[in-house]
A.B. asks: 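Take a look at the following structure, please.
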Amino acid sequence: MAAFPWHARSRNYVSESEVCKLESVPLDFGDYHPLKPITVTESKTKKMNRKGSTSSTSSSSSSSMMDPLSSVLDGTDPLSLFAAAADPVTSAPPTDGARRKRDKDESSAVGSDFEPWSSKRGEILARYTTTEKLSINLYMGSEKGKVTTTGSAVSEKVRTRLEELDDLEEGSQKELLNLTQQDYMNRIEELNQSLKDAWSSDQKVKALKIVIQCSKLLSDTTVIQFYPSKFVLITDILDTFGKLVYERILSMCVDNRVSLPDNFSPESVNDTAKETCLNWFFKIASIRELIPRFYVEAAILKCNKFLSKTGISECLPRLTAMIRGIGDPLVAVYARAYLCRVGMEVAPQLKESLNKNFFDFLLTFKQIHGDTVQNQLVVQCVEIPLYLTLYSPAIDWILQCIAYHAPDVLLTEMMERCKKLGNNALLLNSVMSAFRAEFIAARSMDFIGMIKECDESGFPKHLLFRSLGLNLALADPPENDRLQILNEAWKVITKLKNPQDYINCAEVWVEYTCRHFTKREVNTVLADVIKHMTPDRAFEDAYPQLQSIIQKVITYIYDFALLFSVEKFLPFLDMFQKESVRVEVCKCIMESFIKHQQESTKDPVILNALLHICKTMHDSVNALTLEDEKRMLAALINGFIKMVSFGRDFEQQLSFYVEARSMFCNLEPVLVQLIHSVNQLAMETRRVMKGNHSRKTAAFVRACVAFCFITIPSLSSIFTRLNLYLHSGQVALANQCLSQADAFFKAAVSLVPEVPKMISVDGKMRPSDAFLLEFLCNFFSTLLVVPDHPEQGVLFLVRGLLNVIQDYTWEDNSDDKVRIYTNVLHLLSAMTQEAFIYHVDKVDSNDALYGGDSKFLAEINKLSETVVSQILDHLKTLGKEETLKRQSQLALYFFNTILAHGDLRNNRLNQLSVNLWNLAQKHGFADTKTMVKTLEYIKRRSKQPEMSHFTDLALRLPLQSRT
Amino acid sequence: MGTALDVRVKRAGKVYRDGEILSGVVVITSKDAVQHQGISLTMEGSVNLQLSAKNVGVFEAFCNTAKPIQIINSTIEMVKPGKLPSGKTEIPFEFPLQMKGNKVLYETYHGVFVNIQYTLRCDMRRSLLAKDLTKTCEFIVHSLSQKGKLLPSPVDFTITPETLQNVKERASLPKFLIRGHLNSTNCVITQPLTGELVVESAEAAVKSIELQLVRVETCGCAEGYARDATEIQNIQIAEGDVCRGLPIPIHMVFPRLFTCPTLETTNFKVEFEVNIVVLLHDDHLITENFPLKLCRM
């Protein structure tokens with residue numbers, strides 16, 4: 001095939017752009033516009049919630065910004081509200097009485113502000129541990145074939161029942177001794193599982209046996225320090241059991257596939273279900289031992305709902321009284337806690353028995369100091385203060401249940417009752433943890449007085465102060481008392497000898513200090529902490545607490561100028577000597593900085609401190625650091641770099657960047673950020689100088705460019721480097737640093753051959769061609785305006801790049817090279833124009849340099865010819881069966897290029913385009929829709945002036961029908 | 001198993017009273033059609049008396065009480081000999097629970113020496129080749145409410161070392177004072193036994209306090225009788241060294257089947273008692289006995 005000469009169409013960009021511009025229409029303010037802020041006119045969220053949907057009428061009349069999603073989400077979540085509120089529209093209207101009743105139920109139900117048991121659970125398990133050996137004593141083995149002595153008249157069924165029940169008492173004894181705590185927990189979990197298994201395999205009697213045996217374990221107080229955790233584990237099993245029984249009976253109530261509504265009445269329960277339920281209660285009532293009988297009955301308390309309306313309200317007081325029979329005060333108080341827990345769950349409106357439970361506990365309070373308990377403690381070698389802390393979870397829970405939505409009068413009464421008892425620190429502590437923070441805060445001085453009066457040998461005092469501090473962190477005490485409270489409390493805290501006790505207290509009180517006082521007090525407190533924690537390197541065991549102190553300080557003091565003026569803050573940071581912890585703390589500080597710092601800063605104190613912190617983070621990076629971690633650290637450091645600004649002092653700014661580069665050289669994203677920042681700085685300089693650099697600014701800008709030029713090679717990602725070269729070259733060009741720009745572009749050209757075929761994107765290997773294609777197109781667009789170097793040949797860079805593309809090893813089955821060549825044709829066409837489509841301000845491009853010189857144009861044409869022949873050669877190689885589709889696509893692509901950029905008045909080019917059109921359609925791989933549209937486009941174009949030759953062209957292009 | 005026979009009474013609790021109608025269905029399930037020689041249903045009620053081993057030799061010679069006493073017995077022919085279709089066949093039935101004359105329908109009771117039991121037995125007679133099928137089903141009889149109002153009979157009690165009988169060495173006993181009351185010894189069988197107990201003082205630590213429910217069964221006739229007391233159940237009401245001066249509730253549910261209203265006939269008697277058992281840490285066992293009178297209201 002003969003070479004086709006390329007004839008670029010000459011263009012008048014100005015007039016073309018005018019024709020193509022969208023007509024601008026003045027926007028009337030009242031008009032609807034999709035991007036205008038949406039305002040919800042129905043602003044009462046409650047109303048919308050009732051509809052159960054978040055649909056809202058949007059109007060653009062108001063200018064206030066309101067996000068429809070957040071407006072719905074603030075307050076109660078619409079789903080729960082929807083579930084709670086009776087929907088008058090969708091559900092059948094309930095009878096008036098029923099509805100009133102439901103409303104009443106709701107008002108007394110437990111809301112989301114009640115801290116549920118599940119959140120206490122983990123805490124207790126973590127806190128009450130032991131290293132002593134535990135034992136489980138089970139009497140489970142059911143030996144069949146045992147000779148029964150019961151009378152023969154008893155029916156078979158009754159007899160087997162009896163046997164099974166007997167097994168409970170006399171079955172083979174299985175005692176597991178010497179268990180570690182973990183073994184013990186695993187055993188209990190096994191029991192939980194076997195309970196579920198037994199239940200699902202319909203062995204109800206076995207299930208009951210398991211539950212009874214488990215609850216029996218709660219009467220055993222050997223290894224007393226583990227008792228609270230044991231309680232948690234075993235009541236889990238009881239809860240499971242309660243749920244299983246309830247659900248089973250509920251499932252028996254399903255009549256005609258309609259299950260009972262949530263608040264059913266006993267009348268709607270059928271006889272079989274009632275009988276089953278009654279059976280359970282009779283079975284449980286015959287359990288011999290008190291503690292299992294109590295726990296198992298409490299576990300299925302909810303089932304009373306099937307029998308009678310008043311069942312629960314009759315049962316609760318009876319069970320409450322039953323606990324009086326439990327002699328061990330610790331066992332009894334946990335039994336009370338369980339009853340309160342079940343009570344709150346099933347019938348939260350029945351407050352009476354909650355109070356009764358607490359008062360009963362107060363009545364037996366003296367037992368704690370009785371002989372029986374003391375003897376037991378001596379045997380187990382447990383100190384009194386430790387023993388007393390075992391009560392806390394249970395009393396806390398009981399008081400929390402009582403205090404929930406209780407009037408102040410009741411709380412005051414409770415408090416008075418506690419006050420009257422001797423040695424009441426234990427109670428005091430629980431009162432402080434369970435009652436509303438506001439209630440406690442208002443009486444802080446009273447509490448401090450009471451705490452001071454407490455007996456030294458009893459409940460640990462630092463725990464009392466800790467509890468008080470926790471309350472004060474949540475609610476504010478009266479204004480006048482604030483300083484006195486801090487003074488009184490700190491006086492005691494600072495005297496604590498044990499560093500652990502001290503730090504646990506201090507951690508809590510730091511929040512109070514930060515909340516109400518100035519940096520002077522915070523400084524004093526921090527100094528005190530340092531003083532206590534430094535001897536014997538005590539801080540090593542208290543990193544979590546120290547970390548939490550830092551967190552509290554930065555939550556309240558987020559003005560960093562103020563923060564770093566707290567003298568002891570940095571010395572405090574020095575206590576974090578373990579690297580992982582120190583980095584964590586640094587991260588926290590930086591996060592807070594990024595979150596709270598509104599304006600950029602040049603305060604030397606902040607900069608120094610934060611640079612130090614960032615350096616710490618940076619220095620923690622090593623070969624083993626995870627990618628995510630690095631990314632996170634880099635993001636934090638970048639956030640900091642972005643916030644630094646020296647205003648008009650650009651040189652200082654640059655030197656800061658230089659310093660930062662030397663500090664953070666191991667984190668690539670930071671280097672990238674620095675390059676961008678420096679580029680931005682150069683452009684900022686240009687903006688300030690309005691494009692006319694003085695000698696001084698020109699030198700400065702060159703310094704910026706040099707910074708980028710020497711920084712880029714240290715990056716590892718090839719595309720980052722390519723893009724940064726291009727970007728920095730553009731910046732250099734804009735600042736009239738022509739030789740520097742040339743250097744950037746040359747570097748980019750020489751880097752292209754190194755682009756690997758596959759690159760890793762988000763941890764996955766992907767082919768790189770798409771990225772390369774994108775980059776090259778971008779690069780070519782820039783090259784249009786780059787003026788030729790006087791000492792190099794015409795279009796030196798373009799040629800260089802083309803050579804690189806030619807030599808690059810492309811993927812065998814890809815057309816990318818040809819696509820790039822086609823795009824190069826666009827560039828070359830643009831270069832032949834008299835005036836280029838765009839320019840860089842104050843830089844003469846080739847159009848001005850050569851002024852349409854015929855030699856220059858000839859060079860371009862020669863280049864174009866080569867490129868066209870390359871394209872056609874490639875098209876020819878695609879003639880094989882399996883590549884026909886690609887051939888068709890590529891032909892059409894090339895056709896479009898000719899249509900847009902070629903001068904079709906030239907006959908050969910015209911003929912070429914017709915051939916390409918036919919080639920595209922030849923094997924039926926062309927998309928008919930596209931072809932039709934292309935043809936329509938040509939016809940439309942032909943109507944424009946000077947485009948009449950398009951009419952002829954259109955006539956020569958046949959459309960091939962699919963059939 | 002080709003053919004299955006089942007008897008189902010209508011009430012879930014299977015509880016019926018004198019004068020009521022016992023109704024239900026006999027269910028026959030079979031894959032094939034069943035050839036049979038007639039199906040009949042028998043309602044039986046009887047008292048079984050068993051002599052305790054220690055007394056057997058003495059009484060059997062002159063007393064015949066060991067034979068079951070029939071309370072009620074009636075049979076109906078449900079289906080004449082013929083053929084039942086395959087699948088599930090339900091045949092409903094009704095029995096009036098009516099006593100003749102002034103005979104009493106005793107309440108169902110399962111004891112050790114006395115057993116009062118009611119059953120429904122369904123028999124399907126078949127040809128020589130196939131075995132006859134039988135299925136029995138127990139139903140429970142509750143006696144009618146007793147006429148008249150139950151008078152509560154509260155009992156107060158005080159237990160000290162001095163009030164005890166059967167003590168060998170009174171001097172070795174630790175000092176204690178236990179007070180309490182039962183709300184009534186006349187109990188309605190469906191209501192729990194209630195009361196309170198206070199350990200006012202005790203030198204030795206308390207180990208456990210229990211309620212022991214005891215049945216006293218008497219079998220005999222004019223010539224003589226055997227009286228045996230056995231434990232029905234034991235309910236712990238206090239464990240460990242309870243708080244002094246704090247009232248502990250006494251609460252016991254009467255178990256079904258194993259208790260019935262106190263019964264006295266010419267041939268046998270069933271009575272109940274409760275023991276309050278206090279176990280001290282030095283293994284001293286203190287028991288206080290209260291006879292109960294159970295009735296059904």
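First the proteins, then the strands, lettered A, B, ... as listed; each starts at 1.
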A.B. asks: Which bit of A/Thr364 is near chain B, if near means a heavy-atom gap under 4.5 Å: side chain, backbone, both or neither?
C.D. replies: both
A.B. asks: If you measure only the distance, is there a donor-acceptor pair under 3.5 Å linking the side chains of B/Ser208 and B/Glu210?
C.D. replies: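 Yes, a side-chain donor-acceptor pair sits under 3.5 Å.
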A.B. asks: Go through the atoms of B/Glu196 and report whether side chain, backbone, both or neither lie under 4.5 Å from a heavy atom of chain A.
C.D. replies: neither
A.B. asks: Got a second to check how far A/Gln376's CD is from A/Thr221's OG1, nearest 0.5 Å?
C.D. replies: 4.0 Å
A.B. asks: Among B/Pro255, B/Pro249, B/Ala205, which has the most heavy-atom pairs under 4.5 Å with chain A?
C.D. replies: B/Pro249
A.B. asks: Relative to each other, are the rings of A/Tyr391 and A/Tyr387 parallel, tilted or perpendicular (30° and 60° limits)?
C.D. replies: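 A/Tyr391 and A/Tyr387: perpendicular rings.
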A.B. asks: Would you check, one step at a time, whether the test side chain to side chain contact (heavy atoms under 4.5 Å, CB included) holds for B/Arg227 with B/Lys269?
C.D. replies: CA-CA 9 Å; B/Arg227 188 169 188 273; B/Lys269 274 201 279 191; 5.9 Å; no
A.B. asks: Is the distance between the ring centroids of B/Phe258 and B/Phe254 less than 6.0 Å?
C.D. replies: no
A.B. asks: In sequence, state the C-alpha distance, the side-chain angles, and the governing distance for B/Asp283 and B/Lys207, and then conclude on salt bridge (Lys or Arg N to Asp or Glu O under 4.0 Å).
C.D. replies: CA-CA 8 Å; B/Asp283 283 337; B/Lys207 201 171 178 182; 3.5 Å; yes
A.B. asks: Measure up the B/Tyr118 and B/Phe139 rings against each other and bin them: parallel (under 30°), tilted (30 to 60°), perpendicular (over 60°).
C.D. replies: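 Taking B/Phe139 first and then B/Tyr118, their aromatic rings sit tilted (interplane angle of 30° to 60°).
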A.B. asks: With ring centroids as reference points, do B/Phe268 and B/Tyr106 lie under 6.0 angstrom apart?
C.D. replies: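 Yes, ring centres under 6.0 Å apart.
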A.B. asks: At a 4.5 Å cut-off on heavy atoms, which part of B/Arg244 comes close to chain A: side chain, backbone, both, or neither?
C.D. replies: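 Contact with chain A is through the backbone of B/Arg244 alone.
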A.B. asks: Return the orientation label for the B/Phe290 and B/Phe157 ring planes: parallel under 30°, perpendicular over 60°, tilted otherwise.
C.D. replies: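 B/Phe290 and B/Phe157: tilted rings.
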A.B. asks: Quick check on the structure: residues of residues 230-239 of chain B within a heavy-atom distance below 4.5 Å of chain A, by number.
C.D. replies: B/Gln233, B/Asn234, B/Ile235, B/Gln236, B/Ile237, B/Ala238, B/Glu239
A.B. asks: Going by side-chain hydrogen bond (donor to acceptor under 3.5 Å, both in side chains), B/His110 matches just one of B/Arg256, B/Glu138, B/Gln117. Which one?
C.D. replies: B/Glu138
A.B. asks: Do A/Leu363 and A/Asp360 touch side chain to side chain, with heavy atoms closer than 4.5 Å?
C.D. replies: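 Answer yes - side chains close enough.
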A.B. asks: Among residues 292-302 of chain A, which residues come closer than 4.5 Å to chain B, judged by heavy atom distances?
C.D. replies: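 Against chain B, the residues of residues 292-302 of chain A that fall inside the cut-off (heavy atoms, under 4.5 Å) are A/Arg293.
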A.B. asks: So which residue, B/Ile250, B/Asp241, B/Leu197, B/Ile209, ends up with the most heavy-atom pairs under 4.5 Å with chain A?
C.D. replies: B/Asp241
A.B. asks: Quick one: NE2 on B/His142 to CD on B/Glu20, what's the gap to the nearest 0.5 Å?
C.D. replies: 11.0 Å
A.B. asks: By a 4.5 Å heavy-atom criterion (distance strictly below it), what part of A/Lys366 contacts chain B: side chain, backbone, both, or neither?
C.D. replies: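 For A/Lys366, the contact with chain B is made by the side chain alone.
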A.B. asks: With a 4.5 angstrom heavy-atom cut-off, is it the side chain or the backbone of A/Ile323 that approaches chain B, or both, or neither?
C.D. replies: neither
A.B. asks: Hey, can you tell me if A/Tyr338 and A/Phe231 have their rings parallel, tilted or perpendicular (30° and 60° cut-offs)?
C.D. replies: perpendicular
A.B. asks: Taking side chain as everything from C-beta outward and backbone as N, CA, C, O, which of these in B/Pro247 sits under 4.5 Å from a heavy atom of chain A? Side chain, backbone, both or neither.
C.D. replies: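 Answer is both: backbone and side chain atoms of B/Pro247 are under 4.5 Å from chain A.
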